[in-house]
*Asks:* 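Structure in structure tokens, see below.
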Amino acid sequence: MSQKAASQKTAKAAKNVKPATTSTKSLLVENRVFKPAAEFSKKARISSMAQYRKMHEESLRHPEKFFAREAKELAWRKPFKKVLDWKCPNAKWFTGGQLNVSENCLDRHLDGPRKTKAAIIWEGEPGEKRVITYQQLHRDVCRFSNVLKRHKVRKGDRVVIYMPMVPEAAVAMLACTRIGAVHSVVFGGFSAESIKDRVLDSGATVVITADGGYRRGAVVPLKKNVDDALKGGDTPVKTVIVLRRTGQDVHIEEGRDYWWHRELEYVDANCPAVALDSEAPLFILYTSGSTGKPKGILHSTAGYLLHAQMTCKYVFDLRDDDVYWCTADIGWVTGHSYMVYGPLAMGATSLMYEGAPNWPENDRFWRIIEEYAVTVFYTAPTAIRAFMKWGDDWLKKHDLSSLRLLGTVGEPINPEAWMWYHKLVGGGRCPIVDTWWQTETGGHMITPIPGATPTKPGTATLPFFGVDAAIVDDLGKEVGTNEQGKLVIRKPWPSMLRGIWGDKKRYQDTYWSEFKGWYFAGDGARRDKDGYIWIIGRIDDVLNVAGHRLGTAEVESALVSHPAVAESAVVGRPDELKGQGVVCFVTVKEGVKAGRELADALKSHVRKVIGPVATPDEIRFAAALPKTRSGKIMRRLLKQIAAGETLKGDTTTLEDINVIAALAAASGED
Ligand code: WT7
């Protein structure tokens, strides 16, 4: 079918379907089914539902057998004795075994033809291009590992990485794993204060950064943010290593700051990988929860790596001749599992692009796909909706026929966006894997298997191997077909988080207390008549803004740290592009003038405290916030007001019903 015909068909199809983000009802009427093309299935590792079902059943019934077999595909220094040791909430996988992640991602590919294969293809936002072979990447990682050792980084030490999307970010991560240091990557869109919080919480002694990074033509002042974070000297950081990327002048603090390229002059390229226990901590990644303080999600070595590799094998069905592109930033878990560890463990070619999708023009992504003949493409629904908005012409200028498989992650994909992705990007021939998972799960949990699973627009379909997913009511009883409930995972899986850094109790309370012995994901979901799981979205106080996770409490605590603010309540409202937008209800202190000026000041205050990722979409001033008699803020009402809906539900517990009407009317931005 021609692209034009395809787009006409899409437009027609789109009329019948409402976006999932604004209505869950549309999901109930979605019954189009897309079977994998015979040609795709024929070549796929898993090519039928019977094969998927058999493997899934085995993975739940006999996990020891199933995972022992899969784990053979990792390179072990010392074989494991036991597959699983489970005492809720603590799982130990592959105990007695030893291995090294960087060795699995690099060294083991050097014996054969992969040695000279591209490990990373990189494009900078201004347009530079680099191809780094496995042999070169190995050498870069070894040398940088020696730099870390020179700065006395030892096994178990924490290293914060705050870098742009350049190959050196992956080098830094892999170098940590080579010597057993624990990295904590902080997304470049976070502020100095957020860096400081993460440095303090993790106890990091080293920060790796760059002078700056490019984003939409501008320079993000990464080093300056690090300087601000470390100001006052009240952190454990002793060393900062600075990559020269953008070239602007930066402050270099004698005795603390070192240029990356200079440090390389002192080291050689010989650095054996350290054998680490299966359960050795691999990385910490901070993510938002329902209280103010982000939590350091801890992942460990063998189980995480196995799951990352195994999902690349079965879900992306990665092959040696694939050019695979995951558009996520390394600051998020997707960048960890599906740009660095999974694809490199597979010996695949992973493409990395530094900048924005609309720089210099709206077709940058399609340009890249065409130029490098990308075959597997993994992106987020929010990006897809932006492309749709920019119009089909940008994409039609480019030859996307190299693509064979598409993926999405980060939030529920509305059926129109799915159809557009399918027809326009995939030319109607590429399976779409809508992968549900979380920072905590380490890798894909609910996802189609592309050569087997018939897909429907808007559902992540069925659980991956080892994943025992259920949808239950508040008492833990499974809900009926098409009834909404809470998503739980009833068995441990290899890449599950091992804890929250420094907070055992919060780990237990957050994930394992709602339902004894089961992992509670924080998402609402339902199952259709075919057993397919439809994710509705978060049911806790966590927002999903353009695929980025944000705690309402985090934004609230940033707001009340401003001297003008007395109280605040933050809620999400449906947003056509971002999935959710951030709406802040604010009461001001005595004598403070609320108005546009203060609204702007509060927006930039939140940017400063948390970072640009958390910028509020709207500040609404109120004389008072609606509360129950016990003093609890009535978020349900605020959500309805923020969404511009008419108020529904029981409001008799309201302390002051009048505040509602006032809130609905008063917007600080009018
Ligand atoms: C939350 C986790 C997983 C890496 C990126 C986000 C939502 C994620 C999907 C999907 C529906 C999804 C969930 C989840 N989510 N993928 N395919 N369909 N919702 O990681 O920041 O830890 O956020 O993202 O609500 O709980 P994260």
Side-chain angles (χ1 to χ4, degrees), residues 19-21 24 27 185 187 189-190 284-290 294-299 304 307-308 311 315 326-339 341-342 378-385 406-415 417-418 421 432-448 453 455-464 467 469 471 486-489 495-497 500 510-511 519-526 532-551 554 572 578-580 613-614:
T21 42
T24 50
L27 299 177
V185 182
F187 174 57
F190 280 120
I284 303 168
L285 188 58
Y286 285 83
T287 190
S288 298
S290 43
K295 38 195 183 184
I297 303 301
L298 177 67
H299 281 286
Y304 170 83
H307 195 92
T311 44
V315 179
C326 163
T327 68
D329 192 281
I330 42 138
W332 309 113
V333 73
T334 311
H336 285 55
S337 305
Y338 297 113
M339 185 165 27
Y341 294 121
Y378 191 34
T379 195
T382 185
I384 297 169
R385 289 193 297 267
L406 304 174
T408 84
V409 59
E411 54 178 312
I413 181 164
N414 46 306
W418 196 100
Y421 200 30
I432 296 179
V433 287
D434 171 358
T435 59
W436 176 88
W437 58 294
Q438 307 176 298
T439 305
E440 291 88 340
T441 71
H444 303 154
M445 297 293 279
I446 299 173
T447 173
T453 317
T455 52
K456 305 178 197 178
T459 165
T461 73
L462 297 165
F464 187 69
V467 176
I471 298 164
K486 295 176 172 175
L487 178 61
V488 295
I489 312 292
S495 63
M496 62 187 263
L497 75 166
I500 293 176
T510 310
Y511 303 108
Y519 172 83
F520 172 52
D523 276 310
R526 64 177 185 85
Y532 281 24
I533 295 170
W534 297 74
I535 307 289
I536 312 287
R538 303 289 310 194
I539 47 178
D540 51 9
D541 292 325
V542 171
L543 304 183
N544 190 330
V545 180
H548 300 159
R549 191 159 148 182
L550 202 61
E554 232 176 303
K578 299 191 290 184
Q580 278 189 305
V613 282

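For the single chain, residues carry numbers from 1 onward in sequence order. Note that ligands are numbered from 1 as they come in the structure, with each ligand's atoms numbered from 1 the same way. Keep in mind that what you see is a predicted model, and the values were worked out from it rather than measured.
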*Asks:* Are the side chain of Thr311 and the backbone of His444 linked by a donor-acceptor contact shorter than 3.5 Å?
*Replies:* no
*Asks:* Identify, chain by chain and in numerical order, each protein residue with a heavy atom under 4.0 Å from an atom of ligand 1.
*Replies:* Val333, Thr334, Val409, Gly410, Glu411, Pro412, Asp434, Thr435, Trp436, Trp437, Gln438, Thr439, Asp523, Ile535, Arg538, Asn544, Arg549
*Asks:* Distance to the ring centre below 6.0 angstrom and angle to the axis at most 45 degrees; does that hold for Lys295 and Tyr286?
*Replies:* no
*Asks:* Between the side chains of Thr287 and Arg549, does any donor sit under 3.5 Å from an acceptor?
*Replies:* yes
*Asks:* Please state whether the rings of Tyr341 and Tyr304 are parallel, tilted or perpendicular, taking 30° and 60° as the class boundaries.
*Replies:* perpendicular
*Asks:* Side chains of Tyr378 and Thr435: is there a donor and an acceptor less than 3.5 Å apart?
*Replies:* yes
*Asks:* Tell me whether Glu411 contacts the main-chain N or O of Ala546 through its side chain, where contact means a donor paired with an acceptor under 3.5 Å.
*Replies:* no
